[in-house]
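Accompanying notes for the structure given below.
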Number of protein chains: 2
Amino acid sequence: MSDRVQGGEDALPVKRIDPAYQQVANQLRALIIDGNLAPGDRLPNEDKLCSRFGVSRNTVREALRILSSDHLIYAVRGAGGGTFVTAPDVLSIQERLQTSLRLLTGSNEIDHDELFEARALLEIPTVRNAARHRTPEDIDRLRQLEARVQHAGNTLERTENSEDFHQAIFEIAGNRVLSIIAPPVWAALTLSWRDQSSPHRWSTIDHDHGRILQCVEAGDEDGAAHAMMAHLRDLHGISQGGDQND
Amino acid sequence: MSDRVQGGEDALPVKRIDPAYQQVANQLRALIIDGNLAPGDRLPNEDKLCSRFGVSRNTVREALRILSSDHLIYAVRGAGGGTFVTAPDVLSIQERLQTSLRLLTGSNEIDHDELFEARALLEIPTVRNAARHRTPEDIDRLRQLEARVQHAGNTLERTENSEDFHQAIFEIAGNRVLSIIAPPVWAALTLSWRDQSSPHRWSTIDHDHGRILQCVEAGDEDGAAHAMMAHLRDLHGISQGGDQND
DNA sequence: CTGTATTTGTCCGTATGTATA
DNA sequence: ATATACATACGGACAAATACA
């Protein structure tokens with residue numbers, strides 16, 4: 001997918017030569033993604049990979065580093081150890097997306113407004129679904145998280161707990177794709193907003209959380225949506241969200 | 001973020017020892033993400049990194065492979081070459097997100113309905129914004145893309161051109177965050193839907209595209225939203241989208 | 001055009017740490 | 001406790017690519 005030929009004027013239909021370690025990594029990656037190697041499967045040990053591919057141990061190891069950095073494999077030392085295919089895990093996916101968005105904001109390829117709009121777009125329909133799907137247990141959980149935000153000692157804790165509150169709403173809404181995508185957007189947003197320098201007025205935020213919880217508990221979709229929109233504006237210092245359809 | 005201590009029962013506050021190559025990679029990664037090393041900057045050559053970190057060249061190289069797999073650096077051989085910090089590029093970010101979502105669908109951690117809902121959530125407000133922001137040039141572009149879909153020779157080409165049509169709508173709407181996130185969701189969706197086996201009825205799709213274009217040109221947000229919703233249902237074989245608020 | 005210096009790419013051999021049997 | 005299997009780490013060497021005088 002990434003190795004399409006550059007469409008220049010006199011582009012010959014050839015691919016640029018990849019280093020050996022890259023080719024080894026590509027082949028193994030394809031095996032994993034296509035399912036020929038399933039999660040938990042063990043790869044041949046490094047010596048065998050050397051002879052199979054006809055490269056040195058060093059080259060094989062560099063290829064394995066690429067795959068382990070992609071969280072496709074992990075290594076276990078010792079007898080009976082080896083290199084295994086990992087089950088895909090959500091946390092590492094989020095971390096990588098977060099890193100990417102962070103770099104894009106750093107180089108001004110995406111800006112604050114786009115991130116805010118994206119967050120609102122993800123979070124407002126989600127809180128509607130949460131208001132529709134909530135169970136009494138869900139409400140209990142939200143109440144506990146709300147309390148933890150209020151009783152947190154310092155700003156860092158409050159921020160983390162607040163993110164847990166929002167994450168819980170995603171989980172209640174029940175869409176795991178959105179649950180995965182949203183937190184990296186938040187993280188990039190808080191980064192792009194450090195020049196704002198407005199110290200959080202936590203009383204406002206606590207009030208917002210309370211109102212959101214109230215609407216979700218009551219099953220009031222419209223109310224929850226408005227409460228969430230107001231909360232996001234409070235969080236990110238937007239006075240008028242001109243483009244938002246709430 | 002990933003190196004929090006596991007909260008077991010008798011967990012001592014210690015971190016598991018990372019391999020040397022991992023520590024080197026972590027340090028260099030932090031330097032890049034925090035901006036101490038900006039895109040285009042050149043890292044010290046491998047020998048210098050060896051002496052700085054006090055490890056062998058092999059270890060340094062494995063660390064560099066990790067970072068290059070994250071698309072944070074790239075290597076150039078020869079005199080005046082070296083290892084450089086890359087400018088973040090959107091395509092590689094999308095590819096990685098796509099791989100992740102693909103693996104998650106493959107292991108049934110996310111399902112078709114969640115992907116469909118996510119796509120609708122991203123694409124319906126987007127087409128509204130496109131209907132609001134469109135210029136005459138935008139309409140020309142959409143018309144050309146629509147024609148390319150219709151005149152494509154085979155299914156593969158039609159599919160690719162159709163994705164270009166949708167991508168153009170995102171670009172007209174003007175939110176680059178959403179433009180980045182949406183295509184990987186599409187890709188995972190088409191994968192999770194291969195059992196559907198319904199050969200695309202392209203006439204329906206052409207008709208949908210035409211209606212969307214018409215509404216966007218007229219600036220009819222509601223019409224565009226409904227047309228998009230109907231189109232997505234046609235594409236992914238959903239008869240009743242119970243949870244969607246269109 | 002030719003050599004020379006610089007830098008990554010590749011390979012080999014060996015030693016060490018770690019976990020299983 | 002000993003042997004075995006495996007990843008990890010080291011050091012040295014040469015090859016290949018590129019820039020520059």
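To find a chain, count down the sequence lines: A is the first, B the second, and so on, and within it residues start at 1.
Looking at A:Asn26 and A:Gln22, their side chains do bring a donor and an acceptor atom within 3.5 Å of each other. For the residue pair B:Trp186/B:Gln167, the side-chain donor-acceptor check at 3.5 Å is not satisfied. In the model, B:Asp138 has a side-chain atom that pairs as donor or acceptor with a side-chain atom of B:Thr135 under 3.5 Å.
Rounded to whole Å, atom P of D:dA16 lies 20 Å from atom CD of A:Gln22. One atom, CG of B:Leu67, and another, C1' of C:dT8, lie 16 Å apart when rounded to the nearest Å. We find that CD of B:Glu46 is positioned 12 Å from C1' of C:dT6, with the value rounded to whole Å.
With rounding to the nearest 0.5 Å, the separation of CD1 in A:Ile110 from CG in A:Leu101 is 5.0 Å. Within the model, atoms NE2 of A:His209 and CG of A:Leu145 stand 10.0 Å from one another, a figure rounded to the nearest 0.5 Å. For the atom pair CG (B:Leu103) and CD1 (A:Ile32), the distance works out to 8.5 Å, reported to the nearest 0.5 Å. Remark: B:Leu37 CG to B:Thr83 OG1 distance equals 11.5 Å, nearest 0.5 Å.
Remark: of the listed residues B:Ile66, B:Leu28, B:Val85, B:Leu67, B:Leu67 is the sole one forming a side-chain contact (heavy atoms from CB on, under 4.5 Å) with B:Leu72.
Salt bridge annotation for B:Arg96-A:Asp70: absent, with no cationic side-chain nitrogen under 4.0 angstrom from a carboxylate oxygen. Ionic pairing of B:Glu109 and A:Arg176 is not present here: no N-O contact between side-chain nitrogen and carboxylate oxygen is shorter than 4.0 angstrom.
Atom CZ of B:Arg42 has more than 12 neighbouring heavy atoms from other residues, nucleotides or ligands inside a 6.0 Å radius.
Between B:Thr83 and C:dT7 there is no side-chain N or O to OP1 or OP2 distance below 4.0 Å. Close to C:dT10, at under 4.0 Å from its OP1 or OP2, lies no side-chain N or O of A:Tyr21.
Using a 4.0 Å cut-off on heavy atoms, the residues of residues 70-81 of chain B that approach DNA chain D are B:Arg77, B:Gly78, B:Ala79, listed by number. Near-neighbour residues of DNA chain D inside residues 37-45 of chain B, defined by a heavy atom below 4.0 Å, are absent. Residues from residues 54-66 of chain A with heavy atoms under 4.0 angstrom of DNA chain D, sorted by number: A:Arg57, A:Arg61, A:Arg65.
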